[in-house]
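Here the structure comes first, spelled out in structure tokens, and everything after it is commentary.
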Amino acid sequence: MNKLRCAVIGVGHLGKFHAQKYAALDNVELIGVCDANPETAQKIAEDLGVTAYTDYQNLAQHCDAVSIVTPTRSHYDVCRFFLSAGVHVLVEKPITTTVAQAKELIALAKEHDCVLQVGHIERFNGVLMAARDEIQNPLFIQSQRLAPFNPRGADVNVIYDLMIHDIDIILNLVNAPVTSIEAYGAPVVTDSIDMATARLKFANGCVADLTASRVSHGPERTMQIFQPDSFLNIDFQSKSFSRASRANTEIFPGIPGIDRQEFTFENLDALQMEISAFIEAIRMKHKPVVTGEDGMRALETAVRISNAVTEQWVGRPEFETLRSKTQPQLEVSE
Ligand code: NAD
């Protein structure tokens with residue numbers, strides 16, 4: 001079987017790990033890495049023994065598939081270039097900065113028969129994969145994704161940076177349209193939303209409360225799922241997962257006991273799984289695990305949450321300057 005020729009565009013903090021994973025795969029040849037910063041490109045290329053590029057436009061004829069790990073604002077242009085050239089794309093999250101751009105990329109991928117996968121990496125977190133079969137009928141979900149401040153990622157608000165991971169997971173678990181959104185948030189360190197909390201209501205009756213903050217003392221990435229007869233607690237950080245469910249025994253007449261179970265599972269490398277799944281989707285010509293449509297749905301929901309937060313600031317003079325800066329950041333443009 002011919003090796004797929006792959007490259008990584010943008011080898012900064014996250015992109016260098018993408019490059020390492022491609023380099024480690026048997027059925028793939030990492031033919032080069034590209035970064036607008038020549039020193040960054042050279043350093044990673046030397047480490048991996050591949051060619052360094054500074055202009056991604058010189059790469060299309062040499063490769064079958066790329067990871068795009070440049071800052072979010074450039075995703076649309078870079079993706080459009082490669083999809084138009086018939087190159088398969090794994091683009092980091094968020095897919096683009098507007099829903100209209102995401103729609104266009106999805107159509108372009110179809111037109112050129114390309115796989116378009118979006119880097120919602122938590123879908124490949126071993127703990128979620130282990131818990132997935134236990135999640136049949138969620139009635140109420142809550143998620144917390146908290147992190148200490150880090151300037152990397154602060155070019156977009158915390159909803160696009162952190163909460164979007166939980167938005168994608170929850171939309172995938174509930175699999176019903178969102179009927180209403182209520183959200184609150186605050187700028188704390190930057191001029192944008194640094195913490196937010198949102199309540200999503202779904203057409204099937206499920207409700208989800210999501211909280212994300214990038215101004216917390218310590219990291220936390222947890223999700224609780226309540227469904228008839230069971231309660232699941234997932235910790236994405238420590239990769240642990242437990243279930244409490246109604247037992248067949250009674251502790252008092254009419255009051256059931258609770259069965260508690262801690263699950264153990266293989267600690268998988270989520271990025272390696274994500275990239276292997278991308279390669280598999282190309283080889284087997286099937287839908288990727290996280291499609292362009294999934295990326296667009298997560299972005300659209302993130303935009304609606306951001307708008308709901310800034311709507312709360314209307315009429316409050318202390319927020320007006322921030323609102324004018326925050327609002328046009330990413331938007332739904334139909
Ligand atoms: P970064 O700033 O560390 O790296 C981005 C790199 O892209 C830089 O080295 C920059 O020089 C390069 N670059 C910029 N424009 C370019 C262009 N036109 N052509 C080639 N190279 C270009 O950023 P990062 O933290 O690695 O984030 C990159 C992307 O990954 C963002 O979209 C971010 O949202 C996403 N991300 C996703 C996760 C996740 O959990 N899935 C985590 C972190 C970042």
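Read the numbers this way: they start at 1 and go in the same order the structure lists the ligands and their atoms.
- The heavy atom nearest to atom 15 (N) of ligand 1, considering only Ser67, Gly10, Pro71, Pro38, is found in Pro71.
- Of the candidates Glu274, Glu122, Glu92, His13, it is Glu92 that places a heavy atom closest to atom 41 (N) of ligand 1.
- Which parts of ligand 1 touch His75 is read off a 4.0 Å heavy-atom cut-off, strictly below it: atoms 32 (O).
- Contact annotation for atom 27 (O) of ligand 1: protein absent (non-hydrogen atoms, distance under 4.0 Å).
- Using a cutoff of 4.0 Å between basic side-chain nitrogens and carboxylate oxygens, Asp47 and Lys43 are scored as salt-bridged.
- Taking 4.0 Å as the cut-off between side-chain N and carboxylate O, Lys110 and Glu293 count as a salt-bridged pair.
- Taking a cutoff of 4.0 Å between a charged side-chain nitrogen and a carboxylate oxygen, Asp168 and Arg297 do not qualify as a salt bridge.
- For atom 10 (C) of ligand 1, the closest non-hydrogen atom on the protein side is Asp35 OD1, 3.4 Å.
- What sits closest to atom 31 (C) of ligand 1 on the protein, heavy atoms only, is Thr70 O, 3.5 Å.
- Comparing Val91, Thr72, Leu14 against atom 43 (C) of ligand 1, the shortest heavy-atom distance belongs to Leu14.
- Classification of Lys93 and Asp161 as a salt-bridged pair holds, one side-chain N sitting under 4.0 Å from a carboxylate O.
- Residues Glu274 and Arg123 are not paired through a salt bridge, judged by the lack of any N-O separation under 4.0 Å between the basic side chain and the carboxylate.
- Counting protein heavy atoms under 4.0 angstrom from atom 2 (O) of ligand 1 gives zero.
- Taking the charged nitrogens against the carboxylate oxygens, Arg5 and Glu29 have no contact shorter than 4.0 Å, which rules out a salt bridge.
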